[in-house]
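For reference, the structure discussed in these notes is given below.
All residue numbers in this chain count up from 1 along the given sequence.
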Amino acid sequence: MNKQLLLPAPEVAFSGDHALHLLQGVSDGTVVIDTRNNIVFFNAAAEALWGYQQADVIGHNVAMLLPSGMRSEHDAFISRNRQTGVNTIVGTSREIMFQDRAGKLIPAELAISAVEMPPDGEKYYLASIKSITDESHRKKLLDLQNTVFRSLSGDMLIQDVADLVCNGVEEFVPNSVAVLMLLTPEHHLQVLSGSGMPRRFVSALEAMTLTEADLTALANDLDEASSIVWESYRSVGISLGLHDCWASAIKAPNGKISGILALYSRNQHKVADWPRKIVSGAVPFCGVVIEQYEARQHISQLANYDPLTGFLNRSSLHKVLKTMISQPGDNRFAVLLLDLDRFRDINDALGHIQGDTFLKAIAERLKTLCRSNYILSRSGGDDFVVVIPNATPEVAVDFIKTVTDAMQRPLEVAGNHLSASFSTGIATFPENGPDGESLISHAEVAMRQAKKEARGSYRLVSTIDTKEAQERLVLGSALRDSLSKGLLNLHYQPQIEARTGEIYGVEALSRWNHPTLGNIFPSRFIAVAEETGQIEAIGRWSLEESCRQITQWERDGVHIPVVSVNLSAGHFHNRSLVPMIADLLRKYGLAPERLTVEITESVMMDESDETMNVLSAIRKLGVGLSMDDFGTGFSSLSRLTRLPLTEIKIDRSFIMNLEHDANAQAVTTAVIGIGNRLGMTVVTEGVETEAQYDLLERLHCDVLQGYLFAKPMSAADLETWYRKPRKLMPAMKKDGAQ
């Protein structure tokens, strides 16, 4: 017999009673629920937090401890966890609101653990609740302040920084909406950020005019802001689901009131007064945001507008034209270049000061003839540009005739009655050029022709650059032929997880090598495809080829977790896109999370119901949505939060000089932080050096893509690359990557 079996059993040093006694004395509130979600343990610290005694809660459903609005859905939420095992809260720590016995809502930090109890493996849950202290709030406010200041030091739009502030303040008070308003010189309130606010309430706030008495009251007591933005509108707010408000005025360094920060609660039950401290703590850096906004507005006015007439200057006009050209659909517009006839004679006769007065008078009269959606620019000394949206050549000609008649009425300048006339050139998009520079150049040629042949007349652009038109025609025809014959192909660029070195996925990139035309750059043939209406066909082909390839790789033992496919803005106006993607997933037996669709910022700017419905439907399939080249266009955080995105990609332009450019680092840091806070994967493109990798890894960027790891390559080359040992960075090795 084995002698070890005769040894006495060791003495038990810790029993179940000991464990219960230990939990009873824990300083954090501790609650345990059984398989029916009934409370079976409630320690003394929990009694102090909720105001209930053990006898009041033991045997009752745990929903009694939650705010009343959350109770009805709580059992179903726990049941999903029991059935699926998918943990969104279990094993994590998060801030919540609980409702005490007196009905007050109190903030706390919650951590939940799940334990399977022997002998049958029944799942019990243990919750540990810690009341959030003023010191905790102070630290988080300081973190938010530092984030705001870093954002302000970069190139982030002030609108986005304001959104960052409001989103941060809202995180302190669940089920609330923060609004940052500035006070205009006319004493109106202008909402700078408040995307969650009902429009009707925003309209009411912005329709208000503050009196001198209001401003005096605010200067004497910043908390008087609550009376202005809540007490007068309480009934409207309650009808829109708002039940309380904490607000503070923002005082500028010169002592004047510059704005108001308000936090509105959707909670029907009374919330303790700690949110007021949050608002007061956020006011100082809100003041800095408003100062920066006003400073940038002033700089923008100087940089973007002609100081004499207030019209857009030339560089701003080109930005507007670029935006108009990039809009999806069959948009068209006319560009009119008006050159003032014989202006040099007026300057010589009256002097430059009176010449400027004459130009201002001309500009004012021209402005009265334009509709509100016309774009006006002074592009040179005596040159004006008028852009007419949705205009045919006939509409442009009618407008010029109106201008000609109006200019015949004399203008009085320094006691002189002067008449004016314009020689005008008219170009139209898309007929007369693919970009703003071409349109203005063609209009200028036509204007010079009018001035040469008959001053005071107009000329339409009648000739286009035949070489460019012919090239588009040839490329468009060849592209259509190549698509039908399958001559396009996809290259794939790997995306690498920054911490582990593992493959995160690949981006599919279209390539075209024509038998006679040679290799055509993607930027060129994609532009031609958009001009000739073939871009949707390329998108459909790219989706199917990517799905086919990823399944082929899987059969060959090459596991690529996800493939990303670029689609143009036009695809998202097509309702057939979603069923087409669903059919491809079924056809190739592909899980939806293996496919990501990349969208451009022009899609982000298009908030039509049609586009938003298509994006939401794609996400409902389980397919990922990625914002490509984030930060290069007109990105807005308020829009970013409304899109069902799973991923944002930082454009390579921010990475090119990342090691040496503090502004690029600040913007990249902010974007990574925003992506992480919104629960999105952040991918950085254009990573080429180990120094860039080291910096991005320290900034907690999730995924990297660039020549440091691999160039875009054919499917066969990627398979070869996959099977070879890959380059690992020191940080990856430190994390144990193989």
Side-chain angles (χ1 to χ4, degrees), residues 9-133 136 140 171-175 267-269 271-272 593 622 679:
E11 183 179 352
V12 176
F14 196 73
S15 68
D17 289 339
H18 288 113
L20 287 175
H21 184 71
L22 180 64
L23 286 175
Q24 184 65 35
V26 169
S27 60
D28 293 341
T30 305
V31 182
V32 179
I33 63 172
D34 62 13
T35 56
R36 296 190 300 274
N37 302 336
N38 291 332
I39 301 169
V40 295
F41 182 81
F42 197 76
N43 73 349
E47 290 180 329
L49 283 172
W50 268 279
Y52 290 110
Q53 298 299 309
Q54 283 190 5
D56 300 324
V57 300
I58 296 296
H60 292 277
N61 190 286
V62 70
M64 70 177 291
L65 304 178
L66 302 175
S68 55
M70 300 173 58
R71 293 174 184 174
S72 61
E73 300 179 357
H74 193 250
D75 274 355
F77 177 78
I78 298 179
S79 295
R80 282 195 297 273
N81 180 267
R82 292 186 193 277
Q83 294 166 6
T84 66
V86 176
N87 296 324
T88 56
I89 296 180
V90 175
T92 66
S93 178
R94 63 185 298 176
E95 289 187 12
I96 63 161
M97 291 274 252
F98 67 83
Q99 187 172 335
D100 67 9
R101 188 168 192 168
K104 282 190 175 182
L105 297 175
I106 300 173
E109 187 173 305
L110 169 71
I112 297 180
S113 301
V115 180
E116 293 186 358
M117 303 291 288
D120 300 323
E122 294 179 329
K123 185 176 286 188
Y124 280 59
Y125 292 91
L126 183 149
S128 178
I129 302 96
K130 180 190 299 182
S131 180
I132 294 178
T133 63
S136 174
K140 291 181 178 179
E171 288 181 6
F172 286 97
V173 186
N175 206 20
N267 298 295
Q268 296 186 26
H269 294 274
V271 180
E593 60 269 17

Any sub-3.5 Å donor-acceptor pair from Glu47's side-chain atoms to Gln54's backbone N or O?
yes
Does Val57 form a side-chain contact (heavy atoms from CB on, under 4.5 Å) with Trp50? I'd like the steps, not just the answer.
CA-CA 10 Å; Val57 300; Trp50 268 279; over 6 Å; no
For residues 56-67, pull every pair meeting side-chain hydrogen bond (donor to acceptor under 3.5 Å, both in side chains), keeping only residues two or more places apart or in separate chains.
Asp56-Arg101, Asn61-Asp75
Begin from the C-alpha positions of Tyr125 and Ile78 and carry the test side-chain contact (heavy atoms from CB on, under 4.5 Å) through to its verdict.
CA-CA 10 Å; Tyr125 292 91; Ile78 298 179; 3.7 Å; yes
Chi angles and distances behind the side-chain contact (heavy atoms from CB on, under 4.5 Å) call for Ile58, Phe42:
CA-CA 7 Å; Ile58 296 296; Phe42 197 76; 4.2 Å; yes
Residue pair Ile39 / Leu65, side-chain heavy-atom distance below 4.5 Å
yes
What is the minimum heavy-atom distance between Gly29 and Ala45, and which atoms define it?
N-CB, 3.6 Å
Between Ile129 and the options Asp28, Leu49, Thr30, the side chain to side chain contact (heavy atoms under 4.5 Å, CB included) test singles out Leu49
Locate the shortest heavy-atom distance separating Ala127 from Leu110; write the atom from each residue and the value.
CB-CD1, 3.8 Å
Nearest-0.5 Å distance, OG of residue Ser128 to CD1 of residue Ile112
10.0 Å
In Å, rounded to the nearest 0.5 Å, how long is the span from NZ of Lys123 to CD of Glu116?
6.0 Å
Quick one, Val31 and Phe41 - any side-chain contact, counting heavy atoms below 4.5 Å?
no
